[in-house]
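Working notes, structure below.
Since we're looking at a predicted model, the values are computed, not measured. Whatever order the structure lists them in is the order used to number ligands and atoms, beginning at 1.
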Amino acid sequence: MGVKKEARLRGRFKEDISESVQRYLASAPYDWRLYRQDILGSQVHAEMLARQGIIPRGDYVKIKDGLHSILKEIDSGRFQFKLELEDIHMNIESRLFELIGETAGKLHTARSRNDQVALDMRLFAREAAGKVVAALQGFNSVLVEIAEKNIKVVMPGYTHLQQAQPVLFSHHVLAYFQMFSRDISRFESCLSRINIMPLGSGALAGLPYPVDREFVAGKLGFDDVSANSIDAVSDRDFIIEFESASAICMMHLSRLAEEIILWSTAEFGFIEIGDAYATSSSIMPQKKNPDTAELARGKAGRVYGHLLAMLTVMKGLPLAYNRDMQEDKEGFFDTVDTLISSIDIMCGLVASTKINAARMKYSMQSYILATDVADYLVGKGLSFREAHDVVSRVVSYAIGNNRELNELDIKEYKGFSKMFEKDVLAITLQKSVEARSSQGGTATAEVKKSIESAKVAVNGYARQKD
Ligand code: ARG
């Protein structure tokens, strides 16, 4: 983008703005991304002005057609953005002057860039929230398929990254289904606050024209019009909320990425990611690096950064509009791009991953069944605390003698408590899993129920799209 002198809006000043100041002020290098929203908003605004008799209908038609030509110019890459015109709004308006002459000056009747930019950002955020929800729904559908296909696979469940209790692999997968379901509902909820129409607030105080805000809101698909003109031009909560929901979602993706990275190591070997999502080392040919997952984990940091930046930009601003707010854009656009690409890449990565069920099973030491042995004693009448104490002594004895729990004989067990009977030797991984049949637990029957309700949700997504 070149820099030239620009006279528009500088009528009362004697000195010209320097090139470096122009560059500093300009948002056109990034807010060009709002062009579709800006043009659509202007077309509907002009239509409303004509309906209300604020401008002649003939002028509206000229404005609408001019804007349509500009849309095509930008779509096809023929449009010349100028830095000296500051932002997307002024670039489009200036081109409209070139195309239709002085009539273009009527478009900005009953409007300020302050309510205009708020409108554009809301339209952009609305579309972005829809795309995020669709991407997450796609991911959730894949997770349900994986959970259903691998219902028989048992893996070690962890706390503190120490083997804790055996769980179904599907149960673990469905934990992410739950996280992403909450992410979906966060974005849907955020959408209800995004979808409020700010145009008609003017610079801050409202307008001295008989505007029809409901008409504009209706045409642009908004749920409501904003209630306070000062708030409407100074509020960026909807962006902060979006970025906050994005940060949480990136955190979920990052945890999943971390597990994928860990599980694909030689030490774990639980999974092998698809070649299409792996990279190789420039010097160590044996390596299959999970760079895609590493980047999803890393990119969480930059999305957190955008959230913090925006909270900080806004915290000291007096009402109403301040130019600081222009700083909302780059971080927001990057948040949207990063989040959507991370969801899509992680979804493809997960779908490409092969599961090594045997490795999961054989990685489990018998000690993972220690809680089951304690629960066994509770079944025989001991309190859980007493049972815990007995079993910790059993485990310590077994480890000390380099034996697995199922290698001890019943005599040795009885040495720790008379309540042990032969059936203590019959505790298995599968039995441990099936015993955890409390609602939301890992027992196969419970997990199957979860799969069924997840499928109902997934079918609901499909219906939502129709
Ligand atoms: N580029 C500006 C922004 O993004 C548009 C609003 C400018 N309003 C103003 N009064 N200078 O915030």
Side-chain angles (χ1 to χ4, degrees), residues 1 3 6-13 16-18 20-42 45 67 70 74 79 81-96 104-105 107-128 194 196-207 226 228-240 242-243 306 309-337:
M1 247 174 246
V3 185
E6 171 56 36
R8 199 180 299 282
L9 301 189
R10 296 198 56 77
R12 83 183 190 84
F13 299 129
D16 271 333
I17 224 163
S18 74
S20 58
V21 173
Q22 277 184 4
R23 270 189 213 287
Y24 196 71
L25 292 174
S27 54
Y30 46 85
D31 72 8
W32 65 268
R33 287 185 64 169
L34 296 171
Y35 75 93
R36 282 189 293 109
Q37 291 75 9
D38 199 70
I39 289 173
L40 177 67
S42 289
H45 175 66
L67 287 169
I70 296 173
I74 304 180
F79 190 91
F81 284 96
K82 294 178 187 149
L83 210 60
E84 63 274 17
L85 290 170
E86 269 189 21
D87 56 25
I88 182 65
H89 325 292
M90 301 300 286
N91 269 275
I92 289 175
E93 188 180 318
S94 162
R95 179 70 183 134
L96 194 62
L107 170 61
H108 216 51
T109 316
R111 190 174 71 170
S112 151
R113 267 189 297 163
N114 298 350
D115 56 355
Q116 185 178 357
V117 73
L119 176 80
D120 294 1
M121 287 299 276
R122 282 177 182 275
L123 286 170
F124 190 96
R126 180 174 81 186
E127 198 178 316
I194 290 172
I196 303 295
M197 210 286 295
L199 209 61
S201 302
L204 80 160
L207 297 161
S226 53
N228 179 303
S229 60
I230 296 176
D231 178 46
V233 294
S234 52
D235 158 42
R236 294 291 180 275
D237 315 3
F238 66 98
I239 289 175
I240 294 174
F242 190 114
E243 289 178 344
H306 296 320
M310 203 48 205
L311 283 167
T312 314
V313 165
M314 294 304 289
K315 71 180 270 293
L317 296 188
L319 304 181
Y321 178 83
N322 298 271
R323 190 62 176 271
D324 317 44
M325 287 153 70
Q326 180 169 292
E327 285 295 307
D328 61 357
K329 296 189 182 55
E330 282 169 292
F332 182 59
F333 295 152
D334 188 64
T335 296
V336 173
D337 296 343

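- Summary of contacts: the protein heavy atom closest to atom 2 (C) of ligand 1 is Q326 OE1, 3.3 Å.
- Using a 4.5 Å heavy-atom threshold, the side chains of Q37 and E127 count as touching.
- For atom 4 (O) of ligand 1, the nearest protein heavy atom (residue, atom name, distance) is K329 NZ, 2.5 Å.
- Considering only non-hydrogen protein atoms, atom 12 (O) of ligand 1 sits nearest to Y321 OH, 2.4 Å.
- For the side-chain hydrogen bond (donor to acceptor under 3.5 Å, both in side chains) with S42, the qualifying choice from R111, H108, E93 is R111, the only one to do so.
- You'll find the side chain of M121 reaches within 4.5 Å of the side chain of F332, heavy atoms only.
- Looking at atom 5 (C) of ligand 1, its nearest protein heavy atom turns out to be D87 OD2, 3.5 Å.
- For atom 11 (N) of ligand 1, the closest non-hydrogen atom on the protein side is R113 NH2, 3.7 Å.
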**OP:** Could you check F333 against Y30 for ring-ring contact (aromatic ring centres under 6.0 Å, His included), going step by step and ending with a plain yes or no?
**Re:** CA-CA 9 Å; F333 295 152; Y30 46 85; 7.2 Å; no
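- Between N114 and ligand 1, a contact under 3.5 Å exists for at least one N or O pair.
- Counted within 6.0 Å of CZ on R33, heavy atoms from surrounding residues, nucleotides or ligands total more than 12; the atom is thus considered enclosed.
- If you number the atoms of ligand 1 from 1 as listed, the ones under 4.0 Å from a heavy atom of S27 come out as 1 (N).
- Remark: the R113 side chain and the Q116 side chain contain no N/O donor-acceptor pair separated by less than 3.5 Å.
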